[in-house]
Amino acid sequence: MENEVVSKAEDYRVMQQCIDRAVTLERHKGRFRRAVRRSLPRLHRSIRLPQHDGPLHLTSFVIRYIQAVPGWLQQLEHLCDAAGVDFRPVRELIGASFALPPERHPAEIGIAALLDDAYLAHRTLEEINEQLQPACGIPLLPMDPMVANLVVRELLGETFAGELDAVCIQLGDRYRGQQLGPDSLVAMILCRQKFIETPGDWPDFAREMDIGLRVPVLEPDLEKLH
């Protein structure tokens, strides 16, 4: 038991360290922001950005999206622990994805390299939240990440995001049909109550920063109109 506690703390410590290092690199060198500025014409076709300094807003959104991962993941693990549901395989897989970035010096890993890991984490949270909801009758986490995840999906590209989605669905399926006894259910609901009392910990990044997806404009089919 003691070894498991140490392992859990180490997983989150490494994850946080990777994120802190990447955010510091971005703030000093601004690589992601410059890349966004170069890609702005293409991004504007699918992502709605504020008119003033869109690259800065999108970079800030991505940083907050990545930074939220350890805290949100840890809170879901607290809920699972309270109910006696095994969360360790999920934490270990996501922790490993952050700890094993591309083959470069750790000090050179920026936020772009962690964006897919953050998407994997957020989508997995979404899947597990959905799979465990029938067991307790309410969403476990007071979060609505759909728009944020769709914006990041556009940044990653449909093909790569689809590959990550497959992993997330597989992780979520571990909890499909999960049954909770009365004591476990009460423990999970009481633990959940702590989280919904701190709404500031569950921001809707996309809405707060006025970032969203553009609704595609369909070309009229002239033949059908006649």
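Just so it is clear, the model here is predicted, and its values are computed rather than measured. All heavy atoms count here, side chains included; hydrogens, waters and symmetry mates do not.
Of all heavy-atom pairs spanning C80 and L132, the tightest one is SG-CD1, 4.2 Å. In this structure, G172 and Q131 approach most closely via the heavy-atom pair O-CG, 3.2 Å. Heavy atoms only, all atoms of each residue included: A22 and G110 are closest at CB-C, 3.7 Å. The shortest non-hydrogen separation linking V69 to Y65 is CG2-O, 3.8 Å. In terms of heavy atoms, C168 sits closest to R123 at SG-CB, 3.4 Å. Taking both residues in full, the closest heavy atoms of N149 and Y119 are given as O-CE1, 3.4 Å, listed atom of the first, atom of the second, then distance.
The neighbour count for Q133 CD, taken as heavy atoms of other residues, nucleotides or ligands under 6.0 Å away, is above 12.
Contact check on R31 versus E26 returns no salt bridge, with no Lys/Arg side-chain nitrogen under 4.0 Å from an Asp/Glu carboxylate oxygen. Ionic pairing of D173 and R176 is present here: one or more N-O contacts between side-chain nitrogen and carboxylate oxygen are shorter than 4.0 angstrom. Under 4.0 Å is where a charged nitrogen must lie from a carboxylate oxygen, and between R88 and D11 no such pair does.
Both L150 and L155 belong to a single network of hydrophobic side chains, linked directly or stepwise wherever heavy atoms of I, L, V, M, F, W or Y lie under 4.5 Å apart. Grouping the Ile, Leu, Val, Met, Phe, Trp and Tyr side chains by contacts below 4.5 angstrom, directly or via other members, places V23 with F98. Residues L40 and F61 fall within the same hydrophobic cluster, defined by Ile, Leu, Val, Met, Phe, Trp and Tyr side chains chained together at heavy-atom separations under 4.5 Å. Note on I169: it does not cluster hydrophobically with L156, by side-chain heavy-atom contacts below 4.5 Å among ILVMFWY residues.
Interatomic distance, CG of L114 versus CG of L25, reported as 10.0 Å (0.5 Å rounding). Atoms CG and CD, from L93 and Q170 in turn, are 9.0 Å apart once rounded to the nearest 0.5 Å. To the nearest 0.5 angstrom, R91 atom CZ is 9.0 Å from D86 atom CG. To the nearest 0.5 Å, atom CD of residue Q17 and atom CD of residue E10 are 8.5 Å apart. Taken from CZ in R192 to CG in L190, the straight-line distance is 11.5 Å, to the nearest 0.5 Å. Taken to the nearest 0.5 Å, the CE atom of M146 stands 12.5 Å off from the CZ atom of R153.
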Can you list the steps and then say if W72 with H122 is a side chain to side chain contact (heavy atoms under 4.5 Å, CB included)?
CA-CA 9 Å; W72 288 16; H122 280 280; 3.7 Å; yes
Given the rule in the side chain to side chain contact (heavy atoms under 4.5 Å, CB included) test, do M15 and L73 qualify, once you have shown the distances and angles that lead to the verdict?
CA-CA 11 Å; M15 200 182 306; L73 206 63; 3.9 Å; yes
Could you give me the CA-CA distance, side-chain angles and deciding distance for D53 and R37, then say whether salt bridge (charged side-chain N to carboxylate O under 4.0 Å, His left out) is met?
CA-CA 9 Å; D53 206 346; R37 192 173 297 281; 3.3 Å; yes
Go through it in stages, so that I can follow the logic: the residues are L58 and R33, the test is side chain to side chain contact (heavy atoms under 4.5 Å, CB included), and I'd like the CA-CA distance, side-chain angles, deciding distance and then a yes or no.
CA-CA 8 Å; L58 188 56; R33 184 178 175 184; over 6 Å; no
Pair M209-S60, side chain to side chain contact (heavy atoms under 4.5 Å, CB included): steps then yes or no
CA-CA 9 Å; M209 305 186 75; S60 298; 3.3 Å; yes
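A donor atom on one side chain and an acceptor atom on the other are found under 3.5 Å apart for D20 and Q16. If you check the side chains of Y12 and E77, you find a donor sitting under 3.5 Å from an acceptor.
For V147, the side-chain contact (heavy atoms from CB on, under 4.5 Å) partners at least two apart in sequence or on another chain are V151, A206. For A83, the side-chain contact (heavy atoms from CB on, under 4.5 Å) partners at least two apart in sequence or on another chain are V85, L180, S184, M188.
By the 30° and 60° cut-offs, the orientation of the rings of Y175 relative to F87 is tilted.
In this structure, the side chains of Q74 and H78 come closer than 4.5 Å at one or more pairs of heavy atoms. Residues I111 and L115 fail the side-chain proximity criterion, which asks for heavy atoms closer than 4.5 Å.
Of the possible donor and acceptor atoms, one in the side chain of R34 sits under 3.5 Å from a partner among the backbone N and O of K29.
When hydrophobic residues (I, L, V, M, F, W, Y) are linked wherever their side-chain heavy atoms come within less than 4.5 Å, V14 remains an isolated member.
Of the residues listed (L164, D117, D116), the one engaging S97 in a side-chain contact (heavy atoms from CB on, under 4.5 Å) is D117, and it is the only one.
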